[in-house]
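Scope of the values below: all heavy atoms of this structure, side chains included, with no hydrogens, waters or symmetry mates. Numbers here simply count residues along the sequence, with the first being 1.
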Amino acid sequence: MAHKHQFVKLNDGYFMPVLGFGTSSSIEVPKSEAERAIKLAIDAGFRHIDSAYIYDNEEEVGKAIRSKIADGVVKRENIFCTSKLWMTFLRPELVQQALEKSLKKLQLHYIDLYLIHWPVGLKPGEELLPKDEHGKVLFDTVDLCATWEALEKCKDAGLVKSIGVSNFNHRQLEMILNKPGLKYKPVCNQVECHPYLNQCKLLDFCKSKDIVLVAYSALGSQDYQLWSGKNLPVLLEDPVLCSLAKKYNRTPALIALRYQIQREVVVLAKSFNEKRIKENTQAFEFQITSEDMKIIDGLNRNVRFLSPEL
């Protein structure tokens, strides 16, 4: 069953489900697993599916969504599908064709939300992480304001309903917001956010500008240690979260998800396990006290699970 009324209104008038299903995974996970997990998530009540060109799973995401539409489980208008513009497509002339590539893979007529994935340009071409002969990443100088104008045109063309950004800091957001002739504000900023990196300053800034903060890696992520090579703490084994989980008779994951919902953060939950996918939808079934919310706030230690070494 879908969770009724659990939506946030975006600054362009559209509505986004506050609990989303994340689909990024390590290369060890077969693509068929992504399709299976998304079908399970839709059955469990998830209506917000988060994907990206770089995840290389848009075909599977589209198949899963179309399969559930064909089965009569959902209608297209009840699914909120996100994809993201990769760093090699940030030149304005490449934006629409990148979006059209994603639409073709998804086999959808429109995307609900399209995000600039990272505020950094890489050299355009077939390689998604272009490098020179010495293994050094090849960057591209791009004007993010011009990229944003190209996204605005995609919205006007009806290819996407809402447009936003990801991994932007407040200065980069201000650059877009202060752009002369701005037609549409970003509806959201999707960033890494969890009790060890609670992004309280960025959240306050986004709220003041009517921009929704969307949290990825909300349950921590051991996958991304491959990027950083760091030995990072396991969020869901945190003694405070485990103690609160016992108190509320919930899992540590549900405490981490509920924490974000009560902060008015849209939160992405990622799992390939059927039991946990179903469990994660219980984030609407309980309330954390304000005292316990402050305790979770106190866990912040500015730990990033995703810090790609570009």
[atom1]-[atom2] distance between [X] and [Y], expressed to the nearest 0.5 angstrom:
X      : Y      : atom1 : atom2 : value
Thr88  : Glu126 : OG1   : CD    : 9.0 Å
Cys154 : Leu85  : SG    : CG    : 8.5 Å
Ile163 : Leu151 : CD1   : CG    : 5.0 Å
Ile65  : Glu60  : CD1   : CD    : 12.0 Å
Leu254 : Ile288 : CG    : CD1   : 9.0 Å
Phe21  : Ser51  : CZ    : OG    : 11.5 Å

Heavy-atom check, side chain of [X] versus side chain of [Y], under 4.5 Å:
X      : Y      : result
Leu103 : Val160 : no
Tyr53  : Lys105 : yes
Leu159 : Gln96  : yes
Leu182 : Glu152 : yes
Leu108 : Arg76  : yes
Phe139 : Leu122 : yes
Leu173 : Ile176 : no
Phe89  : Pro124 : no

Give a yes or no on whether a salt bridge exists between [X] and [Y], defined as a side-chain N under 4.0 angstrom from a carboxylate O.
X      : Y      : value
Glu35  : Lys39  : yes
Asp204 : Arg263 : no
Asp12  : Lys185 : no
Glu291 : Lys294 : no
Lys278 : Asp43  : no
Arg301 : Asp238 : yes
Glu59  : Lys63  : no
Arg250 : Glu285 : yes

Could you report the tightest heavy-atom contact between [X] and [Y], atom names first, then the distance?
X      : Y      : value
Leu19  : Asn280 : CD2-O, 3.7 Å
Asn198 : Asp297 : ND2-O, 3.4 Å
Asp112 : Cys81  : OD2-N, 2.9 Å
Cys206 : Leu213 : SG-CD1, 4.0 Å
Val212 : Val8   : CG2-CG2, 3.9 Å
Leu90  : Val120 : CD1-O, 3.3 Å

Is it true that [Y] and [X] share a donor-acceptor pair across their side chains at a distance under 3.5 Å?
X      : Y      : answer
Tyr55  : Lys84  : yes
Glu58  : Ser83  : yes
Arg258 : Gln287 : yes
Arg66  : Gln107 : no
Asp50  : Thr23  : no

Output, in order, the C-alpha distance, side-chain angles, deciding distance and verdict of side-chain contact (heavy atoms from CB on, under 4.5 Å) for Tyr216 and Asn167.
CA-CA 10 Å; Tyr216 70 74; Asn167 300 301; 2.6 Å; yes

Would you confirm whether [X], through its side chain, and [Y], through its main-chain N or O, come within 3.5 Å as a donor-acceptor pair?
X      : Y      : result
Gln172 : Asn169 : yes
Thr281 : Ile277 : no
Trp86  : Leu128 : yes
Gln199 : Glu192 : yes
Trp148 : Tyr184 : yes
Ser217 : Gly220 : no
Gln260 : Cys193 : yes
Asn273 : Arg276 : yes
Asp210 : Asn11  : no
Arg36  : Phe272 : yes

[atom1] ([X]) with more than 12 external heavy atoms under 6.0 Å:
X      : atom1 : value
Glu100 : CD    : yes
Asn249 : CG    : no
Lys123 : NZ    : no
Lys207 : NZ    : yes

If you group Ile, Leu, Val, Met, Phe, Trp and Tyr by side-chain heavy-atom gaps below 4.5 Å, do [X] and [Y] land in one group?
X      : Y      : result
Leu197 : Phe205 : no
Ile54  : Leu138 : no
Tyr110 : Leu99  : no

Please test Ile255 against Tyr248 for side-chain contact (heavy atoms from CB on, under 4.5 Å), starting from the C-alpha separation and ending with a verdict.
CA-CA 8 Å; Ile255 300 296; Tyr248 289 93; 4.0 Å; yes

side-chain contact (heavy atoms from CB on, under 4.5 Å) between Asp140 and Met87, intermediate numbers included
CA-CA 9 Å; Asp140 191 30; Met87 296 189 276; over 6 Å; no

Which word best sums up how the rings of Tyr196 and Phe305 line up, parallel for under 30°, tilted for 30 to 60°, or perpendicular for over 60°?
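If you compare the ring of Tyr196 with that of Phe305, the planes turn out parallel.
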
Do Glu149 and Lys153 pass the salt bridge (Lys or Arg N to Asp or Glu O under 4.0 Å) test, and can you show the C-alpha distance, the side-chain angles, and the key distance before you say yes or no?
CA-CA 6 Å; Glu149 283 175 13; Lys153 286 176 184 165; 5.6 Å; no

Can Ile111 and Lys161 be said to form a side-chain contact (heavy atoms from CB on, under 4.5 Å), step by step?
CA-CA 7 Å; Ile111 294 174; Lys161 288 192 170 183; over 6 Å; no

Counting the benzene-type ring for Trp, do Phe7 and Phe80 have ring centres under 6.0 Å apart?
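Not close enough - the centres of the two rings lie 6.0 Å or further apart.
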
